[in-house]
Protein chains: 2
Amino acid sequence: MKEDAIKRRMTRQRRLILETLRSMRTHPTAEELFQVVRQQMPRISLGTVYRNLDVLCRSGLALKLESAVQQAHYDGDVGRHYHIRCVVCGKIEDVYPPEVSGISFPRIHNPSFRVMGWTLLFEGICPECAEEPEMAERN
Amino acid sequence: MKEDAIKRRMTRQRRLILETLRSMRTHPTAEELFQVVRQQMPRISLGTVYRNLDVLCRSGLALKLESAVQQAHYDGDVGRHYHIRCVVCGKIEDVYPPEVSGISFPRIHNPSFRVMGWTLLFEGICPECAEEPEMAERN
DNA sequence: GTGCTTGCAAAGCTTTTGCAGACCA
DNA sequence: TGGTCTGCAAAAGCTTTGCAAGCAC
């Protein structure tokens with residue numbers, strides 16, 4: 001049971017990354033966040049963004065959305081809410097509890113796992129992609 | 001609206017990949033499936049496994065579990081069921097409806113997206129990892 | 001015979017990591 | 001001052017793709 005318990009520091013980079021993530025409603029990828037952050041701090045590196053997102057997620061200040069198809073997306077809002085992903089363009093948007101019905105803390109009976117939580121992901125087609133059917137190549 | 005509608009062929013490779021995936025209960029990654037398949041077809045390549053998994057998923061014969069952290073996992077059972085992932089080792093197991101309560105086809109009201117479906121993923125710690133606390137490094 | 005599919009290898013992309021210098025507490 | 005953090009670049013890991021030959025229909 002190794003609990004190194006590293007003492008984290010709130011560096012300028014870490015603070016900027018967190019503030020920027022919180023200000024964005026788009027659930028950016030690390031790369032997208034990097035592009036925004038570097039406008040204010042040109043010499044920051046992508047590696048630093050990845051390292052800090054990892055730290056922020058471990059400490060509960062950000063959420064890593066693993067449900068993404070290619071790249072991971074991040075969310076600065078750690079309160080309970082859901083996501084819906086466009087299966088065509090991959091965009092992820094928020095869905096808040098008042099808009100959702102039919103779900104009430106699902107439970108597994110006699111689980112072999114120690115259940116810690118759950119995530120609900122909706123899938124659909126966003127308005128933009130619905131207007132451009134040729135993008136919806138399914139082959 | 002380009003609908004090329006390619007005529008797929010059921011090659012020996014494709015059939016073996018599908019049959020093997022269906023026979024496995026472990027939600028293998030492409031690499032793991034490759035290792036099993038090559039025991040019966042030594043010259044098959046990893047690229048072929050990836051290409052066929054893609055085709056099988058597009059045609060609805062297999063499921064790609066995007067919820068995976070690093071690699072994609074695949075499931076040959078396309079019927080409605082849920083998954084639970086061990087947050088320590090990444091293992092994915094099935095959870096079937098009779099074991100789950102509190103969920104009844106969640107709906108989004110007045111959605112801007114055209115909602116096509118949803119997935120529910122549980123997270124927890126599997127029995128093996130629960131016994132080895134030092135693996136649960138969280139820093 | 002047509003054209004989809006394969007094996008092989010190389011390339012592509014996202015993410016991680018080693019290192020020396022910089023910086024926070 | 002000590003130990004964490006950063007920028008840079010290289011490496012790692014997963015997945016895709018180009019090509020010529022092979023094979024299903």
Reading nucleotides 19-25 of chain C from the 5' end, what letters show protein touch, with B for base, S for backbone sugar-phosphate only, - for no heavy atom under 4.0 Å?
----BBS

Mind calculating the distance between CZ (B/Arg15) and C1' (D/dA24) to the nearest angstrom?
10 Å

Take atom CD1 of B/Ile6 and atom C1' of C/dT2, then tell me their distance rounded to the nearest Å.
14 Å

Quick one: B/Asp54 CG to D/dT17 P, roughly how many Å, whole number?
9 Å

note: A/Tyr74, atom OH; C/dT14, atom C1'; distance rounded to Å ~ 10 Å

From CD1 of B/Ile44 across to C1' of D/dG22 the rounded distance in Å is 14 Å

Write down the distance between CG (A/Leu46) and P (C/dT15), rounded to a whole number of angstrom.
9 Å

Under 4.0 Å between a side-chain N/O of A/Gln13 and OP1 or OP2 of D/dG7, yes or no?
yes

Determine the contact category for B/Asn52: base if any of its heavy atoms lies under 4.0 Å from a base atom, sugar-phosphate if only primed atoms, P, OP1 or OP2 are that close, otherwise nothing.
sugar-phosphate

Distance check needed: D/dC23 C1' versus B/Arg43 CZ, whole Å only.
15 Å

Heavy-atom closest contact (A/Cys126 atom, B/Phe113 atom, distance)
CB-CZ, 3.6 Å

Name every residue in residues 18-37 of chain B that has at least one heavy atom under 4.0 Å from any atom of DNA chain D, in order of residue number, or write none if there are no such residues.
none

Measure from CD on B/Gln71 to C1' on D/dA12 and round the result to the nearest Å.
12 Å

